[in-house]
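Here's the structure we're looking at; comments come further down.
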Amino acid sequence: MTVYFIGAGPGASDLITVRGLRVIERCPVCLYAGSLVPFELIASAPKGARIINTASMILEEIIAEIQKAHKKEVDVARVHSGDPSIYSATAEQMRCLKNLEIPFEVIPGVPAFTAAAASLKSELTLPEISQTIIVTRTAMNASCMPEEESLSKLGQSKATLAIHLSIRNLQNIQRELIPHYGKDCPVIVIYRATWPDEQIIRGTLQDISQKVRENKIRRTALILVGHVFKERAEFCNSSLYDASHQHVFRHKTS
């Protein structure tokens with residue numbers, strides 16, 4: 001018996017990995033985060049499978065369901081949105097399973113920030129503009145943030161930022177980032193990336209809060225900040241495909 005933590009991807013049902021889908025298709029028990037995982041994926045579970053939406057459940061209730069499956073010696077598909085390694089609350093579940101000596105595996109998924117970049121047809125790293133992506137969130141009603149990871153400190157890097165779980169904290173984001181990025185720095189808010197009702201709002205650190213209010217976006221949105229999103233960003237070509245650049249797969253051309 002094994003519990004499989006599966007990243008379902010950002011929303012579109014065909015963005016799950018082949019491995020993840022195949023596990024769902026054969027597991028007799030499926031626990032899924034119903035608020036963010038498309039039901040089309042869960043419909044792939046085998047006929048007669050025990051399917052449970054965990055959106056309203058607490059940790060102890062989830063673990064109790066897994067223990068029932070463990071006693072019956074049947075595999076469990078534990079399906080989370082995005083990738084299980086990012087803001088998915090899988091760590092505490094894994095800790096419980098370790099203590100109970102219940103085996104588990106992790107199957108990665110497409111994270112929301114890479115799916116958002118795909119929707120934008122954009123690269124998050126551009127030569128001489130930004131070569132670093134910081135995936136973060138801000139402190140609101142959920143877990144607090146370490147003091148060393150405040151936006152005002154992270155913003156000193158001027159890296160590309162992918163800010164999760166913070167759409168209701170935009171005004172604070174503006175205050176903390178404008179001193180480092182400038183008022184005209186591009187900001188893009190992506191509501192429900194890759195879902196049929198996906199919405200993209202473009203603005204700057206100066207006006208994005210107003211634009212989001214006008215569009216009545218209050219949840220399930222990702223905030224991307226960085227100069228890589230300038231409409232006509234000036235950047236040099238990378239060395240990767242430059243004729244003068246030599247590497248193990250290509251000798252320098254004359």
Side-chain angles (χ1 to χ4, degrees), residues 7 10-11 35-36 80-92 109-120 122-194 198-231 233-235:
S35 58
L36 294 171
H80 284 266
S81 62
D83 180 89
S85 68
I86 304 174
Y87 306 127
S88 62
T90 55
E92 56 258 44
V110 177
F113 75 95
T114 61
S119 291
L120 298 171
S122 176
E123 190 171 351
L124 301 179
T125 56
L126 294 177
E128 299 183 358
I129 294 181
S130 175
Q131 292 291 285
T132 301
I133 303 163
I134 296 177
V135 179
T136 188
R137 53 175 281 269
T138 61
M140 293 183 68
N141 295 326
S143 306
C144 61
M145 292 291 292
E147 183 180 346
E148 297 79 9
E149 295 179 17
S150 67
L151 275 185
S152 60
K153 290 190 177 181
L154 297 179
Q156 294 177 23
S157 68
K158 297 182 175 61
T160 303
L161 300 178
I163 307 173
H164 292 66
L165 308 170
S166 301
I167 195 60
R168 296 191 181 190
N169 207 18
L170 265 178
Q171 290 185 342
N172 183 58
I173 290 171
Q174 289 173 297
R175 284 193 298 269
E176 298 219 25
L177 293 183
I178 283 176
H180 305 294
Y181 290 79
K183 293 180 179 180
D184 64 343
C185 179
V187 180
I188 305 176
V189 169
I190 303 94
Y191 170 75
R192 285 169 63 88
T194 78
E198 174 188 86
Q199 189 173 349
I200 297 173
I201 302 170
R202 297 176 182 269
T204 65
L205 278 173
Q206 186 171 22
D207 63 18
I208 192 63
S209 181
Q210 178 63 31
K211 290 185 175 183
V212 167
R213 280 199 302 271
E214 291 171 355
N215 286 273
K216 299 179 180 179
I217 303 299
R218 298 185 179 90
R219 61 186 298 272
T220 325
L222 175 68
I223 305 163
L224 297 175
V225 181
H227 294 288
V228 296
F229 301 112
K230 286 183 178 178
E231 190 170 342
E234 295 294 331
F235 61 94

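With respect to Ile201, the side chain to side chain contact (heavy atoms under 4.5 Å, CB included) criterion is satisfied by exactly one of Ile190, Val187, Ile208: Ile208.
Remark: side-chain polar atoms of Asn215 are not paired, donor with acceptor, to backbone N or O of Ile217 under 3.5 angstrom. In this structure a side-chain-to-backbone donor-acceptor pair under 3.5 Å is missing from Ser209 to Leu170. Between the Tyr181 side chain and the Ala159 main chain, a donor and an acceptor come within less than 3.5 Å of each other. A distance-only check finds a donor-acceptor pair linking the side chain of Gln174 to the backbone of Leu205 [under 3.5 Å].
Looking at Arg168 and Arg218, their side chains come closer than 4.5 Å, going by heavy atoms from C-beta outward. Side-chain contact check for Ile167 versus Tyr191: every heavy-atom pair is 4.5 Å or farther apart. No side-chain heavy atom of His164 sits under 4.5 Å from any side-chain heavy atom of Thr136. With contacts defined as side-chain heavy-atom distances shorter than 4.5 Å, the pair Leu224/Leu120 qualifies. Contact annotation: the side chain of Ser88 never approaches that of Asp83 to less than 4.5 Å [non-hydrogen atoms, C-beta and beyond]. Using a 4.5 Å heavy-atom threshold, the side chains of Leu177 and Leu161 count as touching.
The line from CD of Gln156 to OG of Ser150 is 8.0 Å long, rounded to the nearest 0.5 Å. To the nearest 0.5 angstrom, Leu151 atom CG is 8.0 Å from Asn169 atom CG. Note that the SG atom of Cys185 and the NZ atom of Lys230 stand 7.5 Å from one another [nearest 0.5 Å]. Interatomic distance, Cys144 SG to Glu149 CD, rounded to the nearest 0.5 Å: 10.5 Å.
Within 6.0 Å of the NZ atom in Lys183, the count of heavy atoms belonging to other residues, nucleotides or ligands does not exceed 12. The number of heavy atoms from other shown groups lying within 6.0 Å of CD (Glu214) is above 12.
The two residues Ala112 and Pro10 come nearest to each other via the heavy atoms CA-CB, 4.2 Å. In terms of heavy atoms, His180 sits closest to Lys158 at O-CE, 3.0 Å. Scanning all heavy atoms of the two residues, the minimum distance from Glu176 to Ser152 falls at OE1-N, 2.8 Å. Considering all non-hydrogen atoms of both residues, Lys153 and Glu147 come closest at CD-O, 3.9 Å. Pairing each heavy atom of Ile223 with each of Ser166, the nearest pair is CD1-O, 3.7 Å. When all heavy atoms are compared, the tightest approach of Ile134 to Ser157 is CD1-OG, 3.5 Å.
The salt bridge (charged side-chain N to carboxylate O under 4.0 Å, His left out) test applied to Asp207 returns Lys211, not counting sequence neighbours.
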Which pairs of donor and acceptor atoms, one on a side chain in residues 126-133, lie under 3.5 Å apart (sequence neighbours left out)?
| unit_1 | atom_1 | unit_2 | atom_2 | d |
| --- | --- | --- | --- | --- |
| Ser130 | OG | Thr132 | O | 3.0 |
| Ser130 | OG | Thr160 | N | 3.2 |
| Ser130 | OG | Thr160 | OG1 | 3.1 |
| Gln131 | NE2 | Leu126 | O | 3.1 |

